[in-house]
2 protein chains.
Amino acid sequence: MATLADVARRAGVSPATASRIINGSPKPVTDALRERVLAAVEELQYVPNAHAQQLARNHRSAVGVIVHDVSDPYFAEITRGLQRVATEHGRLVIICNTYRDPDKELEYVELLRANQAAAIILAGSGYHDEQFTHTLDAKLRVYQSTGGHVAVIGRHEHTGHAVIPANEAGGHLVGAELYGLGHTRIGVVAGPRHLTTTTDRIAGLRRAAREHGQKLTPRQIVYADFDRSGGASATATLLDTQPGLTAIAAMNDSMAIGALSLLRSRGIDVPGQISVIGFDDMPIARDVTPALTTIRLPLADMGARAMTLALQPPEPLNTPQIEHVAAELVRRESSAAPAGDR
Amino acid sequence: MATLADVARRAGVSPATASRIINGSPKPVTDALRERVLAAVEELQYVPNAHAQQLARNHRSAVGVIVHDVSDPYFAEITRGLQRVATEHGRLVIICNTYRDPDKELEYVELLRANQAAAIILAGSGYHDEQFTHTLDAKLRVYQSTGGHVAVIGRHEHTGHAVIPANEAGGHLVGAELYGLGHTRIGVVAGPRHLTTTTDRIAGLRRAAREHGQKLTPRQIVYADFDRSGGASATATLLDTQPGLTAIAAMNDSMAIGALSLLRSRGIDVPGQISVIGFDDMPIARDVTPALTTIRLPLADMGARAMTLALQPPEPLNTPQIEHVAAELVRRESSAAPAGDR
DNA sequence: CGTACTCGGGAAAGCGCTTACCGACGTACG
DNA sequence: CGTACGTCGGTAAGCGCTTTCCCGAGTACG
């Protein structure tokens with residue numbers, strides 16, 4: 001591996017000069033030398049050692065993103081937004097997948113700190129776990145105290161900037177739509193109960209229920225994994241335990257799609273017999289049949305905003321900023337009034 | 001930011017000792033000292049500077065992955081497999097999205113080299129561009145010559161290990177199925193023509209056509225972006241220019257889904273009036289309606305294999321290994337014999 | 001009790017780069 | 001023609017860590 005010293009030697013200059021030319025330092029350098037150095041770089045296929053540079057310069061450049069799983073469309077969309085902004089700022093993004101293991105989240109914060117990340121962005125639901133939340137928060141604070149920036153997406157318990165989707169309000173939209181259509185026997189296909197996203201969305205749903213003089217009993221809610229197969233199994237449980245169900249509210253689109261596929265396999269018509277509403281409005285939502293009625297969250301935009309916050313110059317007022325993002329109901333074909341009403 | 005020296009000072013030992021304790025070096029250290037150092041680490045919330053470590057140790061640890069776009073399910077799946085293996089080996093993965101810009105691919109190779117990546121994995125189709133391929137290859141060789149490992153997925157023109165999906169054979173499977181069912185008027189919804197994946201798959205399709213005494217004219221093939229909207233627009237073009245079409249072969253599932261949605265919007269029954277076959281078997285394929293007949297590629301597994309190859313101990317025989325992976329037809333509901341045949 | 005080891009710990013030399021700081025030269029000026 | 005600058009390069013001191021080498025103090029042995 002060619003080093004700067006090699007280049008300098010080859011060009012017959014000092015490492016200092018070579019460095020200045022290669023990095024375009026403000027210090028003026030004669031054209032003759034410049035050309036010689038550049039030629040040497042080319043011949044030696046020299047690429048500066050990023051670690052050495054980082055060490056010598058001592059200023060952070062990369063930013064870290066911690067998500068549950070990039071291959072989940074929810075995070076994929078967020079990541080897309082994040083990356084776009086990061087790239088505009090010339091930042092390298094390090095993506096860390098926790099695969100929903102809170103401990104990994106902790107580990108990755110350390111790793112990112114070790115790598116001198118300029119900012120850490122935590123995307124995805126928080127956990128209902130006092131102990132964990134506290135530990136994470138402590139780690140994040142330490143990181144911040146050494147000049148690191150922090151932004152979180154979809155959680156509020158933490159220090160640092162935050163982009164917060166209207167999960168509760170979105171849940172309320174789902175409820176308002178369903179109860180408004182006349183459904184009373186609603187099943188909820190929920191994600192893991194230890195995720196705040198799940199509970200926030202359900203809280204909104206509950207509020208809507210109350211407003212319509214209804215109530216959500218524990219048995220109407222089935223918790224499962226936040227993915228397609230979790231949606232399918234939760235739906236199966238619901239079908240078996242809640243006869244007369246006319247609507248299913250899935251707490252994200254992946255689960256809704258799982259629900260759709262299970263209903264289809266049981267020969268149940270959607271929305272004829274049962275309505276289904278999802279959450280997030282992932283791109284696929286419009287491609288399933290029936291096209292999924294869902295709550296739209298501007299995921300890519302949320303990612304972009306979080307990155308923007310994180311990359312902001314050292315806080316003007318030193319106060320973490322919180323951006324709320326609205327949820328919006330997108331009516332498609334999977335929801336309708338219950339059969340009896342028609 | 002606390003440094004090792006701070007920790008050492010606080011524990012009243014030399015940096016050397018602190019380092020040895022923290023990294024669990026083979027050198028034995030008294031328990032008393034060990035505890036003091038560990039306590040200091042805890043109090044100072046010390047995290048070693050990864051760049052300094054990397055510089056001092058001088059051995060690569062991270063691995064870089066260059067993909068077109070992680071938020072594309074095709075790459076998301078591959079990435080999932082890659083990550084799994086990398087994590088098992090305790091490697092940090094740096095994911096780089098080119099967003100299909102070949103120049104970025106070049107840039108990222110440099111960046112990864114600068115970051116002392118132990119290996120670079122290039123996923124996704126290659127480009128039909130002599131010049132570019134040559135430049136990339138040269139850069140890769142330089143990287144290899146300094147001890148870097150290279151593995152590519154889905155392209156063959158390069159140096160280094162390769163995991164190659166049976167694109168041609170898969171295309172042939174599509175053709176065999178469609179022509180076998182009796183279709184003769186087939187439209188091809190293809191990805192960008194400068195991608196080798198596109199042309200390889202079409203080549204297989206052509207071979208099947210010949211075997212059935214058929215032929216694919218240029219007008220039967222429409223090239224568009226490798227995504228949902230590309231699929232929709234290509235399908236629209238096909239419908240407008242190829243009356244009497246009975247089947248559409250999409251060159252990936254995203255495009256197939258776009259095709260499906262366009263057909264639905266035009267009120268065309270699938271597979272009643274037109275059959276649709278996709279390629280890749282992404283998870284969503286089974287959730288659209290009608291469920292998509294497609295060619296299965298074990299994407300996550302391909303990623304895992306590439307990572308395994310890349311992480312192999314310095315080539316035993318120094319020869320790049322090539323692993324071919326088979327494609328398989330998955331019959332679902334979107335394909336059937338043409339109407340006239342029934 | 002002296003010698004030969006062993007064992008735990010520290011001193012210091014880098015890893016590859018950046019960046020004050022300094023010095024040599026050339027120019028402009030008094 | 002001597003002094004004062006301004007220019008352009010080089011020298012060297014780190015950045016935070018690892019690791020080799022060495023040294024002092026035990027221990028075991030003759």
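Order of the sequence lines fixes the chain letters, A, B, ..., with proteins taken first and strands second; residue numbering starts at 1 for each chain.
For the contact set between residues 43-55 of chain A and DNA chain C, defined by any heavy atom under 4.0 Å, the members are Y46(A), P48(A), N49(A), A52(A), Q53(A).
Between S19(A) and dT18(C) there is a side-chain N or O to OP1 or OP2 distance below 4.0 Å. For dT18(C), the OP1/OP2 oxygens have a side-chain nitrogen or oxygen of N23(A) closer than 4.0 Å.
Ion pairing of R141(B) with D137(B) is present here, as a side-chain N (NZ or NE/NH1/NH2) and a carboxylate O approach within less than 4.0 Å. A salt bridge links R100(A) with D72(A): the closest approach of a Lys/Arg side-chain nitrogen to an acidic carboxylate oxygen falls below 4.0 angstrom.
Whole-Å rounding puts the L4(A) CG to dG16(C) C1' distance at 8 Å. Atoms CE (M1(A)) and P (dC15(C)) sit 15 Å apart, rounded to a whole Å. Residue R113(B) contributes atom CZ, which lies 14 Å from atom C1' of dG16(C) at whole-angstrom precision. Here dG8(C) presents its P atom at 11 Å from CG of D31(B), a figure rounded to the nearest Å. The nearest whole Å value for the distance from the CZ atom in R60(B) to the P atom in dC15(C) is 16 Å.
Side-chain contact between K104(B) and Y99(B): absent, with no pair of heavy atoms (C-beta onward) separated by less than 4.5 Å. Proximity of L195(A) to Y127(A): side-chain heavy atoms (C-beta onward) are separated by under 4.5 Å at one or more points. Taking 4.5 Å as the limit, every side-chain heavy atom of I95(A) sits out of range of all side-chain heavy atoms of L82(A). Counting heavy atoms from C-beta outward, Q312(B) and H161(B) have side chains that approach closer than 4.5 Å. Counting only heavy atoms from C-beta outward, the side chains of H194(B) and D129(B) never approach each other to under 4.5 Å. Within the 4.5 Å cutoff, side-chain heavy atoms of V325(B) are placed close to those of R305(B).
Of the residues I78(A), V65(A), N97(A), the one that meets the side chain to side chain contact (heavy atoms under 4.5 Å, CB included) test with V70(A) is N97(A).
One end of the helix from dC1(C)-dG30(D) to dG30(C)-dC1(D) points its axis 60° away from the other end's axis, with each axis taken from 5 pairs and the angle rounded to 10°.
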Polar pairs (N or O, both sides) under 3.5 Å between protein and nucleotides 10-13 of chain D?
unit_1, atom_1, unit_2, atom_2, d
dG10(D), OP2, S14(A), N, 3.0
dG10(D), OP2, S14(A), OG, 3.0
dG10(D), OP2, T17(A), OG1, 2.4
dG10(D), N7, R20(A), NH2, 2.7
dG10(D), O6, R20(A), NH1, 3.3
dG10(D), O6, R20(A), NH2, 3.1

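Closest approach of N115(B) to A50(A), counting heavy atoms only: OD1-CB, 3.6 Å.
At distances below 3.5 Å, not a single donor-acceptor pair connects side-chain atoms of T146(A) with backbone N or O atoms of M1(B).
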